[in-house]
Amino acid sequence: MADENIQDGGDGISTFPFPVDLSLLGVGIQVGPMGAGRTWHAQAPLHRVHRIDFHIVMLFTGGPVRHMIDFAEYEASAGDLLWIRPGQVHRFAPGGEYRGTVLTMQPGFLPRATVEATGLYRYDLPPLLHPDEARLAGLTAALDQLRREYEDATTLPLSLHTAVLRHTLSAFLLRLAHLAAGSAQAARAGRAEAPGDSTFTLFRDAVERGFATNHSVSAYADALGYSRRTLVRAVRAATGETPKGFIDKRVVLEAKRLLAHTEMPIGRVGAAVGFPDAANFSKFFQQHTDQTPAAFRAELR
């Protein structure tokens, strides 16, 4: 794929697009075995942090493998799944033996109703999933069926082949989404969900839109029409943390992405996440990571 297809999201971070030219018949998904030398893009630096604009789901039959997603390390073993969403930065473990099946999916391949039903953009859900035996059997069977349909490029006309892939993919993703939601619920066992869950969803979306300029819990509460106390209860029920902690975590993540993927001066990185004063940004970053921004960047170079 040509270098000019690598996208720049306006923040200086190169994002590797879905490799349509590597998918069978140019459809919006790929399904196949993991293995040495597999790449998402001719220029993608697999063993260094990089960002993609499509979904990756890996179902492991071997391991353990340590994989970094948004600067958190996850260890996956046989029977585990990793779900990496568009925009997340990740890195393959050098020397890691990735064995199993990998699915990649282009945004826009599925209709909106399916996207919402499967929680494709629920970034609050855990990327590492540990299904029990029954759920693993269902996921494996669904993914195997999807792979068979993907590789059968001659039985049906392309339009019908694509339609079958969409339906088969939806069945797999519905199983996967149910597992991810259940894992998140188990992680916050004992904490109430409704009606705070919808409140948290609105807050989460507002933070995603405004974290670069707005770090105020009260401002978000006012904009959403909730009292600060209601917002605190909802966020704590959904995540186990305070609204301020949730906002700060998102700011730190974006700062890490910019430090890792761009040559922007540290002062400009701070300004991009809402800290016009470089000293205040450095203090904030160190409080949350135990590293200065310069030390964090140096560690990744």
Side-chain angles (χ1 to χ4, degrees), residues 13-16 18-19 30-105 120 122-133 135-136 139-140 143 176-177 179-180 182-184 186-188 239-241 249-250 252-262 285 288-293 295-301:
I13 300 178
S14 294
T15 300
F16 296 95
F18 180 82
Q30 294 181 70
V31 193
M34 301 185 215
R38 182 176 182 86
T39 184
W40 320 119
H41 189 285
Q43 305 299 319
L46 295 187
H47 302 317
R48 298 188 62 181
V49 289
H50 62 284
R51 189 160 73 173
I52 54 177
D53 77 349
F54 51 93
H55 293 267
I56 298 175
V57 178
M58 292 183 275
L59 174 57
F60 289 85
T61 57
V65 171
R66 293 186 66 82
H67 197 99
M68 186 277 285
I69 303 173
D70 273 339
F71 307 100
E73 293 283 346
Y74 297 91
E75 185 169 282
S77 299
D80 291 341
L81 295 102
L82 274 176
W83 187 352
I84 307 166
R85 290 169 168 82
Q88 292 185 305
V89 296
H90 72 128
R91 178 183 61 211
F92 286 76
E97 293 189 25
Y98 286 73
R99 298 192 300 277
T101 303
V102 60
L103 160 70
T104 60
M105 186 190 72
L120 286 185
R122 286 283 308 275
Y123 289 89
D124 57 306
L125 296 179
L128 178 61
L129 302 170
H130 309 285
D132 60 25
E133 186 175 347
R135 288 182 175 85
L136 177 61
L139 285 162
T140 300
L143 190 58
L176 185 65
L179 173 64
S183 297
R188 57 180 187 255
T239 69
E241 61 188 356
K249 184 181 293 185
R250 184 62 182 91
V252 168
L253 172 58
E254 195 67 18
K256 284 182 173 182
R257 287 174 171 174
L258 294 171
L259 290 166
H261 287 273
T262 77
F285 190 88
H288 288 275
T289 66
D290 294 323
Q291 286 182 297
T292 65
F296 175 81
R297 171 173 275 174
E299 191 177 86
L300 297 174
R301 300 302 168 93

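Keep in mind it's a predicted model, so treat the numbers as computed, not measured.
Using cut-offs of 30° and 60° on the angle between ring planes, the pair F60 and Y98 is tilted. Ring geometry, F296 versus F71: the interplanar angle exceeds 60°, so the pair is classed perpendicular (tilted spans 30 to 60°).
Nearest heavy-atom pair across L120 and H55 is O-CE1, 3.0 Å. Shown here for T101 and M34, the closest heavy-atom pair between the two residues is O-CE, 3.4 Å. Among all heavy-atom pairs drawn from H90 and I84, the shortest one is ND1-CD1, 3.5 Å. A pairwise comparison of heavy atoms in A180 and L129 identifies CA-CD2, 3.7 Å as the closest pair. Closest non-hydrogen pair, L176 versus L139, comes out as N-CD2, 3.7 Å. Contact between F285 and P293 at its shortest, heavy atoms only, is CD2-N, 3.6 Å.
Using a cutoff of 4.0 Å between basic side-chain nitrogens and carboxylate oxygens, R257 and D70 are scored as salt-bridged.
Separation of atoms CE (M68) and OH (Y74) is listed at 10.5 Å; rounding is to 0.5 Å. Rounded to the nearest 0.5 Å, atoms CD (E73) and NE2 (H67) are 9.0 Å apart. The line from CG of L258 to CG of L253 is 9.5 Å long, rounded to the nearest 0.5 Å. Taken from CD in E299 to CG in L259, the straight-line distance is 11.5 Å, to the nearest 0.5 Å. Expressed to the nearest 0.5 Å, how far CD1 of I56 lies from CD of Q30 amounts to 10.0 Å. To the nearest 0.5 angstrom, K256 atom NZ is 11.0 Å from H288 atom NE2.
Side-chain contact between L81 and L179 is present, with heavy atoms from C-beta onward closer than 4.5 Å. For the pair L59 and L136, the minimum side-chain heavy-atom distance is below 4.5 Å. Side-chain atoms of R297 and T262, non-hydrogen and from C-beta on, do get closer than 4.5 Å to each other.
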In sequence, state the C-alpha distance, the side-chain angles, and the governing distance for M105 and V57, and then conclude on side chain to side chain contact (heavy atoms under 4.5 Å, CB included). CA-CA 9 Å; M105 186 190 72; V57 178; over 6 Å; no
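With sequence neighbours excluded, no residue forms a side-chain hydrogen bond (donor to acceptor under 3.5 Å, both in side chains) with D290.
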